[in-house]
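Read the numbers this way: they start at 1 and go in the same order the structure lists the ligands and their atoms.
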Amino acid sequence: MVGHKISLTQYLVEKDREAGSVPSELRLLLEVIARACKRISYAVGKGALAGVLGEAGTENVQGESQKKLDVIANETLLEANLWGGNLAAMASEEMDDPFPIPHRYPKGGFLLLFDPLDGSSNIDVNVSIGTIFSVLRCPDNASGVGHEAFLQPGSAQVAAGYAVYGPSTLLVLTVGAGVACFTLDRETGSWWLTEDGMKIPEDTKEYAINASNARHWETPVQQYVSELQAGKTGPRGKDFNMRWVASMVADVHRIMTRGGIFMYPRDHREPDKPGKLRLMYEANPMSFLVEQAGGAATNGLGRIMDVQPSKLHERVAVFLGSRNEVERVTAMHKA
Ligand code: P6P
């Protein structure tokens with residue numbers, strides 16, 4: 001049929017036929033998450049008109065002050081996923097402990113982790129923000145669904161994605177068989193497939209890092225970035241450009257779309273922390289998407305998705321994007 005648009009549901013049904021990677025309970029879960037992201041998008045879009053900007057007056061588990069929209073996004077995802085029967089529990093950047101499905105609802109075989117509103121420092125200045133999510137299977141032998149059940153490496157993910165609330169509202173998703181991008185039709189509330197088989201170019205001229213932290217970086221990162229800054233007359237023999245939105249979803253989506261390398265290295269400000277970004281619901285889902293798009297994602301020493309987590313909210317250094325650049329900066333850590 002000319003101009004037939006493919007909905008999220010049709011994509012997931014056909015992906016299961018093609019790759020067998022989307023059992024119906026996973027499809028239902030992803031459709032619920034997409035509906036929750038749509039609701040978050042509407043709240044973000046209303047902004048000041050709905051009185052949702054500004055501080056909530058509370059702190060999250062990271063000790064960071066919460067924005068009103070952080071709390072709204074978290075509650076939207078919790079409420080949407082309570083009753084469906086496909087989850088055993090949820091975990092969020094905004095909550096100390098896992099949120100078990102209440103006894104009054106049936107439990108399912110999946111675990112959902114999310115950063116409900118990433119980049120929230122950008123909310124009040126109207127810059128793109130987003131939701132990041134990761135889906136794991138709940139271990140059969142899980143005695144209850146406390147922290148232990150979630151402590152699985154990123155390679156165990158069965159699905160991951162992000163919504164970016166920008167000029168368009170997009171949902172970028174993988175179930176382990178490539179990466180697809182859906183655009184929200186805000187008039188009808190439907191998600192339509194607008195790109196399938198997203199691929200990250202292996203090389204790039206664009207890097208993303210918060211350069212104000214340069215004096216705190218470890219030597220390999222300082223050396224790698226100074227080579228990029230040396231441009232055509234330096235060892236790389238070409239000029240590079242820099243972008244830093246300070247919203248991981250926006251920076252990663254740019255890389256998913258046109259390539260680049262995103263870096264949030266560990267630094268000397270907090271030497272006991274391996275980095276700023278969280279492994280379970282930021283680095284792992286983004287790494288899954290990036291690898292599915294032909295890119296690479298390491299913590300400077302090894303593949304992020306091989307890291308065996310020891311804590312639900314643990315942090316990790318992140319180097320992800322165009323494969324040849326990630327491999328180069330990783331090799332410099334090992335030199
Ligand atoms: P900085 C947002 O707070 C976030 O977690 C990521 O979305 C983003 O990439 C990073 O922190 C920005 O950190 O130190 O540049 O403000």
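With hydrogens and angles disregarded, no donor-acceptor distance shorter than 3.5 Å links the side chain of Asn60 to the backbone of Glu94. Side-chain atoms of Asp239 come within 3.5 Å of backbone N or O of Lys232 as a donor-acceptor pair. A distance-only check finds a donor-acceptor pair linking the side chain of Ser7 to the backbone of Gln10 [under 3.5 Å].
The Gly119 neighbourhood of ligand 1 comprises atoms 2 (C), 7 (O), with distances under 4.0 Å to a heavy atom of that residue. For ligand 1, the atoms sitting less than 4.0 Å from at least one non-hydrogen atom of Glu282 are 5 (O), numbered in the order shown with element in parentheses. Close contacts between ligand 1 and Ser247 involve ligand atoms 7 (O) [criterion: under 4.0 Å to a heavy atom]. Listed by number with element, the atoms of ligand 1 under 4.0 Å from a non-hydrogen atom of Asn210 are 1 (P), 14 (O), 15 (O).
Considering both main-chain and side-chain atoms, Asp118 comes within under 3.5 Å of ligand 1 through a nitrogen or oxygen pair. Checked by distance only, ligand 1 and Lys276 come closer than 3.5 Å through their nitrogen or oxygen atoms. Considering both main-chain and side-chain atoms, Ser120 never comes within under 3.5 Å of ligand 1 through any nitrogen or oxygen pair. In terms of polar-atom proximity, Trp244 is counted as a contact of ligand 1, with an N or O under 3.5 Å from an N or O of the ligand. The N/O atoms of Met248, backbone and side chain alike, include one that comes under 3.5 Å of an N/O atom in ligand 1.
Taking 4.0 Å as the cut-off, Leu277 counts as a neighbour of ligand 1 on heavy-atom distance.
A donor and an acceptor atom, one from each side chain of Thr330 and Thr298, are located under 3.5 Å apart.
Between Glu18 and Lys15 a salt bridge is recorded (basic side-chain N to carboxylate O distance below 4.0 Å).
The ring pair (Phe, Tyr, Trp, His ring centres under 6.0 Å) with Phe182 is formed by just one residue from the set Tyr162, Tyr11, Trp192; it is Tyr11.
In summary, the aromatic rings of Phe262 and Trp244 are positioned with their centroids under 6.0 Å apart.
In terms of protein heavy-atom proximity, atom 14 (O) of ligand 1 is closest to Tyr264 OH, 2.6 Å.
In this structure, the separation between CG on Asp70 and CG on Asp118 is 9.5 Å, given to the nearest 0.5 Å.
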